[in-house]
Amino acid sequence: MSETEPRTLNFLEQIIEADIAAGKHGGRVGTRFPPEPNGYLHIGHAKSICLNSGLAREYKGTFFLRFDDTNPAKEETEYVESIIDDVKWISGDDLKDRIFFASDYFQQMYDWAEELIRKGKAYVCDQSPEQMKENRGTPSEPMKPSAGREFPPEKNLELFRQMRDGKFAEGERTLRAKIDLASPNFNMRDPVMYRIIKAEHHRTGAKWIIYPMYDWAHGLEDAIERITHSICTLEFEHHRPLYDWFLDQIDEFSKPGAYRPRQYEFARLNLTYTVMSKRKLLELVKGKFVSDWSDPRMPTICGLRRRGYTPESIRAFCKEIGVARMNSMIDVVKLENAIREDLNKRALRRMGVLKPVKLVIENYPEGQTEMLDAVNNPENEADGVRQVPFSKVLYIEQDDFLENAPKKYFRLTPGQEVRLRYAYYVKCTGCVKDDAGNVIEVRGTYDPETRGGSSPDGRKVQGTIHWVSAEHAVNAEVRLYDRLFTKENPDDPQDLKDYKEYLNPNSLEIVADAKLEPSLAQASPAEKFQFERIGYFCVDSVDSTPEKPVFNRTVSLRDSWAKVEKKG
RNA sequence: UACCUGGUAGUGUAACGGUAGCACAAGGGAUUUUGGUUCCCUUUGUCGGGGUUCGAAUCCCUGCCGGGUAACCA
């Protein structure tokens, strides 16, 4: 898009530009991505990462990664490491000096909690979780207050310090905000600010046994980090009044002209044929439906990376789908389109056959080998040319020969001439079958005048097929991935129990005896290839060797044979 | 049920009182040493009903439909 074209702004860009114009925060923009380290990141998180880091980049602001590690019972260092890798990879940001932890602010948050208690805005409650639930009330009935609500601040302060010092058991006491017992927004009915958790925290160890709740912590974290636009998903909409209320109670953030972050919500990403809930993804791993979190069929960021997605394609996808407050379901083909478009420009083309059958060139000299030039990438001349060996016995795709072909079948069938890409024109003379009637060898003759793939007399062929010299071929394992689910919306809450029914049993097909061009033996994990007419592949670094490389399929091209069938 | 929120082609997303546009999908055609790519063309839309206005996707009222929330999770 050129600078002169009218640029359409999404609603967040409009808000930010209005804030900059009004001189809020001195025109500065600060965003953050605040995951809890309790699982692996998936494509849904990628939307948030792209949004937050993209806005910071667009308005020359700052982007932070902040771990919202306020619940030690659920969090682990393993997740911290994977999240840092994934955020760096997706955002293309080195995150240097911009990784923070909510746990680093525990003392500051504690001090502010005492401030609220002293002001009579918070109190220690002695109700059990069950009692609290019972007393919560209904939309028409207010909450029943607990005794601590009327205690003097000094007494609550003492009780709170006892909570901190371990005088109570888990669940015995909480610190609650004194707000509104009858609010129609249940989040405002005296929400819990601190609870007792006697678990080892992955960063602070046993230092704390009281931990702040999300609502109390999040706005403070944003304020400490001078976040200007705190962007979260729609389900936090009802928490916004609380977010503001807490900041209102603290002198530092409520005095006139004080610094204030604001919360804005956007609709989370839903993708067709994709499960996005962490819980269900965990079930897929635990139930061995996939190998692990980075299985290429998983919608996790590490899974997409292993599948062959590029960060550029994911960023392009996120930009394409836009951002709004309307719940939506995005067709997964949109994501596939993004990687196809990216790879089409950069993937190196290579020849390979997945299901090989021999093609013998009857009139080609026995024992002769010649090297032929092949273009690496027709989309980019700078990628140059490589040489591929040609000989009398080749492998071609089984599907590229059909004894009784329908109309519009452009490949090998007796009497028909096709082009072997970058090599010669070959006319099919027949085939050899085994006792069961299976084709075990295709036979043909070549025209020596057509070296390189064009004929001096200008005659045309309709089909161009790929091939590999049998003697020189690399044996490879190729893993073809299909959708994990057959149901359009497996994440639908109704299907919670039985979503396993919708698993696609053919989601992984391993082709063990694929034959590839010799140059692919040295392929590295960072490289992406397109096997002519089959699809885009990347090297799977796990147990891949030069003798037998392992390739993962990224996206398939259109199924050409289905097209012929449909038309014929 | 209560409260909050949203409704623009098949799917997403613009238009912010003034010509309903874009992408993907679908269909057709041209080019092609990948049945890929590229290029061109076409089909399809403002949830319903009222009102305000010269003029409404946009503002108001009302109905309908969708989503969220009612954790000592985030």
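By convention in this document, chain letters (A, B, ...) are assigned in the order of the sequence lines, proteins followed by strands, and residues within each chain are numbered from 1. What's counted below: heavy atoms across the whole structure, side chains too, no hydrogens, waters or symmetry copies.
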Answer for the Watson-Crick or wobble partner of B:G18, both distances under 3.5 Å, is B:C54
With a 3.5 Å cut-off and just heavy-atom distances, do the side chain of A:E237 and the base of B:U69 make a donor-acceptor pair? no
Please encode protein proximity along nucleotides 8-18 of chain B as a string of B, S and -, counting only heavy-atom distances under 4.0 Å. S--SSSSSB--
Work out how far the C1' atom of B:C24 is from that of B:C60, and round it to whole angstrom. 36 Å
Of the nucleotides B:C24, B:A74, B:C72, which one has an atom closest to the side chain of A:V333? B:C24
Most 5' of A:H238 and A:K133 on RNA chain B, judged by nearest nucleotide: A:H238
Nucleotide B:G36, atom C1' - distance to CZ of A:F537 in whole Å: 14 Å
Output the rounded distance in Å from NZ (A:K460) to P (B:U34). 11 Å
Integer-rounded Å distance: B:C73 C1' and A:M132 CE: 14 Å
Would you classify A:Q462 as touching base, sugar-phosphate or nothing, given that sugar-phosphate means primed atoms plus P, OP1 and OP2, and contacts are heavy atoms under 4.0 Å? nothing
Of the listed B:C72, B:G35, B:U34, the closest approach to the A:R136 side chain comes from B:C72
Inter-nucleotide C1' distance (B:A57, B:A14), Å rounded: 11 Å
Ring-ring centroid check A:F529 A:F537, cutoff 6.0 Å: no
Starting from C1' on B:U34, measure out to CG on A:L343 and report it in whole angstrom. 15 Å
Residues passing the salt bridge (Lys or Arg N to Asp or Glu O under 4.0 Å) test with A:D69, sequence neighbours excluded, are none
Per nearest nucleotide of RNA chain B, the residue lying toward the 5' end, A:P34 or A:G137, is A:G137
Is the NZ or CZ atom of A:R189 both under 6.0 Å from the centre of the six-membered ring of A:F186 and within 45° of that ring's axis? yes
Could you point out which residue of A:L271, A:T272, A:N270 forms a side chain to side chain contact (heavy atoms under 4.5 Å, CB included) with A:T274? A:L271
Of the listed nucleotides (B:G35, B:G68, B:C3), which one gets closest to any side-chain atom of A:E235? B:G68
A:E36/A:K74 ion pair, N-O < 4.0 Å: no
Does B:A23 have its OP1 or OP2 closer than 4.0 Å to a side-chain nitrogen or oxygen of A:N337? no
May I ask you to check whether A:H239 and A:Y243 place their ring centres under 6.0 Å from each other? no
Heavy-atom pair of closest approach, residues A:V375 and A:P378: CG1-N, 3.9 Å
Between B:G35, B:U34, B:U37, which nucleotide gets closest to the side-chain atoms of A:Y409? B:G35
Identity of whatever pairs with B:U11 - Watson-Crick or G-U, under 3.5 angstrom: B:A23
From CG of A:N489 across to P of B:G66 the rounded distance in Å is 15 Å
Counting only side-chain heavy atoms from C-beta out, which of B:A74, B:G35, B:C72 sits nearest to A:K408? B:G35
In this structure, how many angstroms lie between the P atom of B:A74 and the OH atom of A:Y211, rounded? 12 Å
Looking only at the side chain of A:E36 (C-beta and beyond, no hydrogens), which of the listed nucleotides B:A74, B:U34, B:A71 gets closest? B:A74
Distance below 4.0 Å between A:R268 side-chain N/O and B:A74 OP1 or OP2: no
Give a yes/no on whether any side-chain N or O of A:T70 is located under 4.0 angstrom from OP1 or OP2 of B:A74. yes
Taken to the nearest whole Å, CD/A:E397 to C1'/B:G35 is 14 Å
Distance criterion of 3.5 Å, no angle test: do you see the side chain of A:E379 paired donor-to-acceptor with the base of B:G36? yes
Hey, does the side chain of A:K528 reach the backbone of A:R346 with a donor-acceptor pair shorter than 3.5 angstrom? no
Using a cut-off of less than 4.0 Å, is there contact between a side-chain N or O of A:R195 and OP1 or OP2 of B:A74? yes
